[in-house]
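Taking it in order: structure first as structure tokens, then the write-up.
Worth saying up front: this structure is predicted, and the values here are computed from it rather than measured.
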Amino acid sequence: MTAVDPHAARARHRPWPRRCPGIALDLGSARTRAWMPGHGLLFDVPTVTFGDGPLHPIRRGVIVDTPGTARMLDRLLGHRLPRLGRPLVILAAPVLGGMAFRTQARTAAEALRPQSVLTVPAARAVAEAAGADLGRPLLVADIGAHVTDVVLLIDGTVADARRTAVGTGDIDRSVPPARITEAVIAMVTAILDDTPRTRGALRRGILLAGGGALRPELTYRLTEQLLAPVRPVPAPHTAAVRGAAALLQSVHGHPSVATPASGDSPDTT
């Protein structure tokens, strides 16, 4: 992989607006994305920091280098933040990343001098970006570069979730596309077996996000084998960060984030 010159990348950034209402972040194993309401996608870049060459601070959905993640965020955003005012940051977090991911992500985001840092389950953010009806059970499959998640949402809240540590970045002769579709089918089946009253979610269809939603062979195989509609969300690779940005707008004026708290920031659900 060719290392990116951070100084050259910095010169290409657009100026930061004087007023910064907040930032939505999606910290992926392969790509890091930021979105600001009213401004759009700020960047979509490889998840790398720099030491003795490019380093990968997030691997397979796990933050393995919190200081490195903080340095990456500071490099990408720190120089463009307004001197006065502190942004509200909302992070799309993998459901199965657990408290460890959320805590480490919040710690890394402190490099941006935020007013507060909130997290939202990435599957909920995807559903928001798709404008899905959250009043009924919903299945969301997110096929990323290195991790694939299947999540069941009930009333917009995570009811069940499964993960496999394989994604589109693994597809080659040893990992054919069929392995990913088989894993998704197994995870969907396991979720529905555990919560049979939500089988109607499968009849409604599955929302498909992540880079895998851009691969027609995966969508076709899943539709054929699940005998259910599989609907890629619009611009699926940025769905999580766009959904987080939509939620950012709704929580920005909420009393719970009006004053920075000294303890743990609440999740949005």
Using every non-hydrogen atom in the two residues, find where Ala127 and Leu138 come nearest and quote the distance to one decimal.
CB-CD2, 3.8 Å
Taking Leu25 as the starting point, is it possible to reach Val147 by hopping between hydrophobic residues whose side chains are less than 4.5 Å apart?
no
Between Arg231 and Ile206, is the side-chain contact (heavy atoms from CB on, under 4.5 Å) condition met? List the steps.
CA-CA 6 Å; Arg231 302 188 302 276; Ile206 299 174; over 6 Å; no
Working note: His56 + Val48, criterion side-chain contact (heavy atoms from CB on, under 4.5 Å); need CA distance, chi angles, decisive distance, verdict.
CA-CA 5 Å; His56 302 275; Val48 295; 3.6 Å; yes
Step-by-step side-chain contact (heavy atoms from CB on, under 4.5 Å) determination, Phe50 to Arg75
CA-CA 10 Å; Phe50 294 90; Arg75 171 174 57 86; 3.5 Å; yes
So does Thr148 get a backbone contact from the side chain of Thr164, meaning a donor-acceptor N/O pair under 3.5 Å?
no
Check ion pair Glu128-Arg124 (N to O, under 4.0 angstrom):
yes
Here's a test for you: under side chain to side chain contact (heavy atoms under 4.5 Å, CB included), which of Val166, Leu214, Val184 qualifies with Ile143?
Val184
Is there a path of hydrophobic side-chain contacts, each under 4.5 Å between heavy atoms of I/L/V/M/F/W/Y residues, joining Leu247 to Val233?
no
Any sub-3.5 Å donor-acceptor pair from Thr157's side-chain atoms to Leu153's backbone N or O?
no
Heavy atoms only: give me the nearest Leu222-Thr181 pair and the separation to one decimal.
CD2-O, 3.8 Å
Heavy-atom side-chain contact between Asp155 and Leu134 under 4.5 Å
no
Validation row: Arg31, Pro46 side chains within 4.5 angstrom (heavy atoms):
yes
Does Arg71 pair with Asp74 as a salt bridge, N-O distance under 4.0 Å?
no
For the atom pair CD1 (Ile185) and CD1 (Ile180), what is the distance rounded to the nearest 0.5 Å?
12.0 Å
How far apart are the closest heavy atoms of Ile90 and Ala244, and which atoms are they?
CG2-O, 3.4 Å
Applying the salt bridge (charged side-chain N to carboxylate O under 4.0 Å, His left out) test to Arg162, which of Asp194, Asp193, Asp149 qualifies?
Asp194
With a 4.5 Å cut-off on side-chain heavy-atom distances among I, L, V, M, F, W and Y, is there a chain of contacts connecting Leu118 to Leu248?
yes
Stepwise side-chain contact (heavy atoms from CB on, under 4.5 Å) check, His237 with Asp44:
CA-CA 10 Å; His237 55 299; Asp44 180 346; 3.9 Å; yes
Would you compute the distance between atom CZ of Phe101 and atom CZ of Arg106 and round it to the nearest 0.5 angstrom?
11.0 Å
So which atom in Ala213 and which in Thr219 form the shortest heavy-atom distance, rounded to 0.1 Å?
O-OG1, 4.2 Å
Within this structure, what is the CD1-CG distance for the pair Ile171 and Leu218, rounded to the nearest 0.5 Å?
5.5 Å
Does CZ in Arg59 sit with more than 12 non-hydrogen atoms of other residues, nucleotides or ligands closer than 6.0 Å?
no
Taking 4.0 angstrom as the limit, do Asp142 and Arg163 come out as a salt bridge?
no
Hydrophobic clustering (ILVMFWY, side-chain heavy atoms < 4.5 Å, transitive) - are Leu77 and Val117 grouped together?
yes
Would you call Val151 and Leu139 a side-chain contact if the rule is heavy atoms closer than 4.5 Å?
no
Say you draw a straight line from CE of Met72 to CG of Asp65; how long is it, rounded to the nearest 0.5 Å?
10.0 Å
Residues Asp26 and Ala92: closest non-hydrogen pair is OD1-O, 4.2 Å
Taking atom CZ of Arg60 as the centre, does the number of heavy atoms from other residues, nucleotides or ligands within less than 6.0 Å exceed 12?
yes
Please tell me whether Val126 and Val230 are part of a single hydrophobic cluster in this structure, the criterion being side-chain heavy atoms less than 4.5 Å apart.
no
Ala30 versus His146, closest heavy-atom pair with distance:
CB-CE1, 4.1 Å
State, yes or no, whether a side-chain contact exists between Ile154 and Arg136 at a heavy-atom distance under 4.5 Å.
no
Within a strict 4.5 Å, meaning less than it, do heavy atoms of the Leu192 and Val188 side chains meet?
yes
With heavy-atom distances below 4.5 Å as the criterion, would you say the side chains of Arg33 and Phe43 are in contact?
no
Between Thr32 and Thr47: side-chain donor-acceptor atoms closer than 3.5 Å:
yes
Between atom CG of Leu27 and atom OG1 of Thr119, what is the distance when rounded to the nearest 0.5 Å?
11.5 Å
With a 4.5 Å limit on heavy-atom distance, are the side chains of Thr69 and Thr49 in contact?
no
Atom CD1 in Ile23, atom CG in Leu42: separation rounded to 0.5 Å?
7.5 Å
